[in-house]
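Just so you know, these numbers use all the heavy atoms, side chains as well, and skip hydrogens, waters and symmetry mates.
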Amino acid sequence: MKYNHQEIDQKWQKYWAENKTFEAKNNSEKPKFYALDMFPYPSGAGLHVGHPLGYIASDIYARYKRHTGFNVLHPMGYDSFGLPAEQYAIQTGTHPAITTAENLKRYREQLDKIGFSFDWDREVRTSDPDYYKHTQWIFIQLYNAWYNNDTDKAEHIDTLVEKFASEGNIYVNASSDDEIEEFTSNEWHAFDDAKQEEFLAKYRLTFLAETVVNWCPKLGTVLANDEIVNGVSERGGYPVERKKMMQWNMRISAYAERLLQGLNDIDWTDSLKETQKNWIGKSKGASVWFAIEGHGDLKFEIFTTRPDTIFGVSYMTLAPEHELVKQITTAECKDAVEAYISETSKRSERERMAEVDKVSGEFTGAYAIHPFSGEKIQIWIGDYVLASYGTGAVMAVPAHDGRDHAFAKKFGLNILQVIEPKQALEEGFDIQETSFDSKEGTIINSDFITGMEVKEAMAVVSNKMEEQGFGMAKINYRLRDAVFSRQRYWGEPFPVYYKNGLPQMIEKEHLPIILPEVEKYLPTETGEPPLGNATVWAWDTEANKVVENTEINNLTVFPLELNTMPGWAGSSWYFLRYMDSENKIDFVSKESQAYWGQVDLYIGGSEHATGHLLYSRFWNKFLKDMGFIDNEEPFKKLINQGMILGTSAFVYRINNTNTFVSKGLKHLHDVTQIHADVNMVINNELNVDAFKAWREEYNNAEFILEDGKYICGSEVEKMSKSKYNVVSPDIIVEDFGADALRLYEMFLGPLEQYKPWKTDGISGVYNFLKKLWKLYIKEDEFVVTDTEPTKEALKTLHKTIKKVKEDIEKFSFNTSVSTFMIAVNELTAQKCTSRAILEPLAVIVAPYAPHIAEELWSKLGYETSIIEAQFPEFNEEYLKESSHNYPIMFNGKKRFMLEFSADATKDEMEKVVREHEKTLAQLGGKAPKKVIVVPKKIINVVG
RNA sequence: GCCUUGGUGGCGGAAUUGGUAGACGCGCUGGAUUCAAAAUCCAGUGAUUUAAUUAUCGUGCGGGUUCGAUUCCCGCCCAAGGUACCA
């Protein structure tokens, strides 16, 4: 009987499904363990070899936890809303729900073939109305909440309304929009509903506001930065501009400090915490208001981290999008400023941040007044200042800030030194040539702070500004409120209708509001989102249901929101749903979430570091504030699996044409690099016909070939459907079995590391499985006996137990695979047949290669799953060595080996080494200066 | 640009706290078996040098600390991920 992976895989996958072997119970005498994977987006390309990497790791850990006595929750589901299905719908007219259902089916089949210990009864899908009704409900909770800085938590909006009614907003300490007009309780009562709502919106945790987006007029849609290449749309190559739009936003900034502090309480890698910390970007500094000459009371606010340099200000820079620019620009400067703004609107924010050497700007003709000195300061606009960061305005101190310096130099603006460096600078240092950005120094040329140290000056300036009413110390966060509207079809509809232009929430009992059918998935001709095409998309407030648009009367029937929610909406809370996925009423019951608590182990890609992982923490904290769940942080321990990278293929389109030029000739043209599907490329050569048939826009494409071939470029990058470089695990499972795939993915290298995919080494792990099999079954015979194990076999077994246990606990799965190989090689050489060795061996291998382990377990005579078996205990007795072979080194270089008994003392060993003839030969008879003996490691002779 | 991670043989990688660099696997070379091949088994395999012993070099590059550095420190180079509407 040979090792037949296909038969064994099927047999045990069927057994696990039928016996619900991996069902998690919501109560148990065993301790609980919650192991979670980041759920996949089910793309049309199917599961690729990168997906299972993390799933296999968490599966090994989850199975190990079961072997050590835990009640394990290990669920899986799908992040099933998203752009690709919608894109496909636009291209083919197929409803995204159909595409998604097909993709999902394929994913499930693929996942099933790998033998995961998932509890499939708890599966969730974000695009399922039974799921997204809760996403809609959470949205409503956020709408009906504000953040009270005094209690440092979110509260129901009613408590804010009470405050307004009793004392106005003057004493309210909330996270809110900047610069809210003050009102008294009397004024509040005098406001009409619309006015009251206008004020409440400035405090709500989700609110409508104007936000800048990448607008592509030709496609009539908003684009992700991802969809823009070289300033034009990736699809079609159309121009893109920055435009303001009314959008739903989430006030994540209210949680900035808690998101930052919470990092101290979770077991995540330092690099990931660092990334989130930098993303939140806390900085201490000051807010300063500058008056504008000739504009009466008009002032604008800047944020600076260096209030100590306020006397070094030589000009101001506003973001070109700053709201005041139009108002203050003088007639003479108008044309140039407008041209510059229009130019800037074509550049993406990322370009503006990246291209630091492209210094550009324009003088507005207006002057600010220095609050202390009263001097006139030129106001410029420059694209190095971003509207979305801080207040979109900076006070420029060229002597002490690199970017301000470059700007001042280019435009011949004054550079005034106000800090004297503490340490003498290199000779020839000239503040006119290079800025001095360090905070180590003494203030000069600065009125009342001259002579102070930087730190002291910062505080003094802040205090003085506060006294005089034009500034104060302030903490600023880089973290911006998150835009929550998408002009897309395939996402959660908002549970929102508009009455007199004001948003109204729909009651919980009428949820879900189901995504309507549309004829076309594109934006409407008037530029509205795809839901603008829906004909049944109005809310009847009497019947409490969605009705035909023709019934809209704005008295009882109102238009519904046309935007949908972003991809991260559904993924921000799915980990809670798994705890209680059958709950028909609430998103999770109090009891279920109390039992499962935090996710004990979360495995997923580091590319989610600042998106999903921050948004989930935000929603989790909010839900806790509102009393729905108990834990402040959702994910106790988190491991980033490194991505498996793909090899992408590129074609080169000559700009503004539909002609593609082969790689070797691309330097002769201005070209745009575009991804081609790797499945259309063999040995870098493009299958031109397949490419033409790939997309409608390429049907008539023309090609400039070299040597009769179209040669593609290639790059190693993320494996992703959008890069068309996806490789599927199916063939590997078919040819080598699920256990080989599992072992191989682990064997590739450390879990956390990025690695390009290659199939070359798979035969190694397959050979290992065959050798493992042969320890138990030779020819057709089951050869395991009850003979006493040898000392060597016990040593092999126990060092394997020790190493594998340590490896699993530190998520070093690649080294376990090597350890198994060594163990099997040794036991084979020892001709071991003892049950006392081979039975525990099957259990240690089981988390990694569960199918073969189950089969061997049943051959060993067991009738229940191997998952019931206890993980074997390590016994140190078997590993004791009577001697150790020491390398004898001279000045760090190994020269020969010497064996010493385990109980030899340091002095004894030193003596032997000193007197050894080879030592004398090495040193030419001279006595060693020193001998260093490190027990169980090395002996080093210093000559 | 900025933030994060990584760079070790032909390839994937190992090396627990600063202690024998290259475990394990792939590939390659030679051999056994076979009519032949597949499969399997055995031996070898960082580079230079040598018949061999040996010696020298060697963990992206340049410095430093140390008896001893893949590991710690300083300065660079290269690649990947993220950079706020891909998920």
Side-chain angles (χ1 to χ4, degrees), chain A residues 38-41 43 79 81-84 87 211 213-214 221-228 247 269-272 274-275 277-279 281 349-357 384 388 403 478-488 566-568 571 605-612 614 640 642-643 645 715-718 720-723 744 747-750 752-756 758-765 767-768 770 803 806 810 812 814-815 817-822 825 885-894 897 928-932 934 936-943:
Chain A
M38 290 187 186
F39 62 169
Y41 171 79
S43 86
D79 189 11
F81 274 131
L83 266 187
Q87 204 50 53
T211 320
V213 296
N214 300 309
T221 186
V222 173
L223 297 176
N225 282 327
D226 205 56
E227 298 173 287
I228 304 169
Q247 312 247 354
T269 58
D270 288 339
S271 67
L272 188 58
E274 190 65 19
T275 302
K277 203 174 144 190
N278 291 334
W279 186 262
E349 222 170 65
R350 201 177 301 174
E351 279 174 336
R352 286 165 62 176
M353 285 188 286
E355 294 168 10
V356 284
D357 24 306
Y384 75 99
S388 52
R403 282 172 315 170
R478 203 182 73 101
L479 181 69
R480 315 206 284 249
D481 285 335
V483 181
F484 199 69
S485 295
R486 296 292 181 271
Q487 295 68 46
R488 311 283 185 190
W568 56 269
S571 60
S606 63
E607 69 272 25
H608 300 286
T610 54
H612 163 63
L614 209 51
N640 281 134
M643 224 177 295
L645 302 169
E715 258 173 48
V716 169
E717 55 182 357
K718 187 167 151 178
S720 131
K721 53 261 168 201
S722 67
K723 299 187 194 302
Y744 185 59
F747 192 54
L748 275 179
E752 298 90 336
Q753 226 155 77
Y754 285 71
K755 49 224 158 201
K758 267 195 192 167
T759 322
D760 299 350
I762 188 109
S763 60
V765 293
N767 281 339
F768 157 75
K770 287 195 283 190
K803 175 80 173 127
E806 282 170 4
K810 63 180 189 194
S812 172
N814 55 324
T815 48
V817 180
S818 301
T819 304
F820 291 140
M821 289 175 172
I822 293 167
N825 289 345
N885 202 16
Y886 283 87
I888 311 303
M889 308 172 87
F890 290 79
N891 298 321
K893 285 183 186 177
K894 182 180 71 171
M897 304 291 288
K929 281 185 193 150
K930 199 169 157 190
V931 175
I932 294 154
V934 186
K936 291 262 156 65
K937 301 271 188 202
I938 54 110
I939 296 171
N940 191 21
V941 181
V942 184

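We find that CG of A/Asn885 is positioned 13 Å from P of B/U20, with the value rounded to whole Å. Atom-to-atom, CD of A/Gln247 to P of B/C85 comes out at 9 Å; the value is rounded to the nearest Å. Distance, A/Asn225 CG to B/G1 P: 18 Å, rounded to whole Å. Computed from coordinates, the A/Glu607 CD to B/G82 P distance equals 7 Å when rounded to whole Å. Whole-Å rounding puts the A/Lys894 NZ to B/G68 P distance at 19 Å. The distance from atom CZ of A/Arg478 to atom P of B/A84 is 9 Å, rounded to the nearest whole Å. Put simply, CG on A/Leu748 is 14 Å from C1' on B/C24, counting in whole angstrom units. The interatomic distance linking A/Glu806 (CD) with B/U16 (P) rounds to 12 Å, in whole Å.
Picking from B/C85, B/C57, B/U20 the nucleotide with the shortest atom distance to the side chain of A/Gln487 gives B/C85. Distances were taken from every side-chain heavy atom of A/Arg488 (C-beta onward) to each of B/C57, B/C85, B/U40; the shortest belongs to B/C85. Of the candidates B/C24, B/G81, B/C26, B/C24 carries the atom nearest the A/Ile822 side chain, counting heavy atoms from C-beta on. The side chain of A/Ser763 lies closest to B/G27, out of B/G27, B/U4, B/G25. Side-chain proximity of A/Ser606 to the nucleotides B/U20, B/C57, B/G81 is greatest for B/G81. The A/Gln753 side chain lies nearest to B/G6 when the options are B/U40, B/G6, B/G82. Closest approach to the A/Thr815 side chain among B/G81, B/A14, B/U4 is made by B/A14 (side chain taken as heavy atoms from C-beta onward). Of the candidates B/G19, B/U83, B/C85, B/C85 carries the atom nearest the A/Val213 side chain, counting heavy atoms from C-beta on. In the set B/G82, B/G12, B/C67, the nucleotide with an atom closest to the side chain of A/Asn891 is B/C67. The side chain of A/Asn814 approaches B/G13 more closely than any other nucleotide in the set B/G13, B/A84, B/C3.
Here B/G68 is in the anti range [glycosidic angle more than 90° from 0].
As rounded to the nearest Å, B/C26 and B/G19 have C1' atoms that lie 30 Å from one another.
Residue A/Tyr754 is classed as a sugar-phosphate contact, given heavy-atom separations below 4.0 Å to backbone atoms only. A/Met38 comes within 4.0 angstrom of nothing in the nucleic acid, heavy atoms only. Within 4.0 Å of A/Asn640, counting heavy atoms only, lies no atom of the nucleic acid at all. Using a 4.0 Å heavy-atom cutoff across all strands shown, A/Trp279 reaches at least one base atom of the nucleic acid. Heavy atoms of A/Lys770 sit under 4.0 angstrom from primed sugar atoms or phosphate atoms, though from no base atom. In this structure, A/Leu223 reaches the sugar-phosphate backbone alone: every heavy-atom distance under 4.0 Å involves primed, P, OP1 or OP2 atoms, never a base. The residue A/Lys893 sits close only to the backbone: its heavy atoms come under 4.0 Å of sugar-phosphate atoms, none of a base. Among the protein residues, A/His608 comes within range of the nucleic acid bases, having at least one heavy atom under 4.0 Å from a base atom. No engagement by A/Pro40 is indicated, since no non-hydrogen atom pair under 4.0 Å with the nucleic acid exists.
For A/Arg486 (side chain) and A/Val483 (main-chain N/O), a donor-acceptor pair under 3.5 Å exists by modelled atom type. The backbone N or O of A/Val941 sits nowhere less than 3.5 Å from a side-chain atom of A/Lys929 that would complete a donor-acceptor pair. Looking only at distances, a side-chain donor or acceptor of A/Asn214 sits under 3.5 Å from a matching main-chain atom of A/Leu223. A donor-acceptor pair under 3.5 Å is formed between the side chain of A/Asn940 and the backbone N or O of A/Gly892.
In this entry B/G9 has no Watson-Crick or G-U wobble partner, no candidate having both defining distances under 3.5 Å. Look at B/U16: it lacks any Watson-Crick or wobble partner with both distances under 3.5 angstrom. Using the Watson-Crick or G-U wobble rule with both distances under 3.5 Å, B/A39 pairs with nothing in any strand shown. Applying the Watson-Crick and G-U wobble criteria (two distances, each under 3.5 Å), B/U34 pairs with nothing in any strand. Base pairing analysis places B/A69 opposite nothing; no Watson-Crick or G-U wobble pair with both distances below 3.5 Å involves it. Remark: B/G27 base-pairs with B/U45. Criterion, Watson-Crick or G-U wobble with two distances under 3.5 Å. The partner of B/G1 is B/U83, judged by Watson-Crick or G-U wobble contacts that both fall below 3.5 Å. Across all strands shown, B/C76 pairs with B/G60; the Watson-Crick or G-U wobble distances both stay below 3.5 Å.
Of the N and O atoms on the side chains of A/Ser606 and A/Tyr754, at least one donor lies less than 3.5 Å from an acceptor on the other residue.
With hydrogens and angles left out, the side chain of A/Glu274 and the base of B/C3 share no donor-acceptor pair within 3.5 Å. Judged by atom type and distance alone, A/Asn940 reaches the base of B/C67 through a side-chain donor-acceptor pair under 3.5 Å.
Residues A/Val942 and A/Asn891 form a side-chain contact, since some pair of their non-hydrogen atoms from C-beta on lies under 4.5 Å apart.
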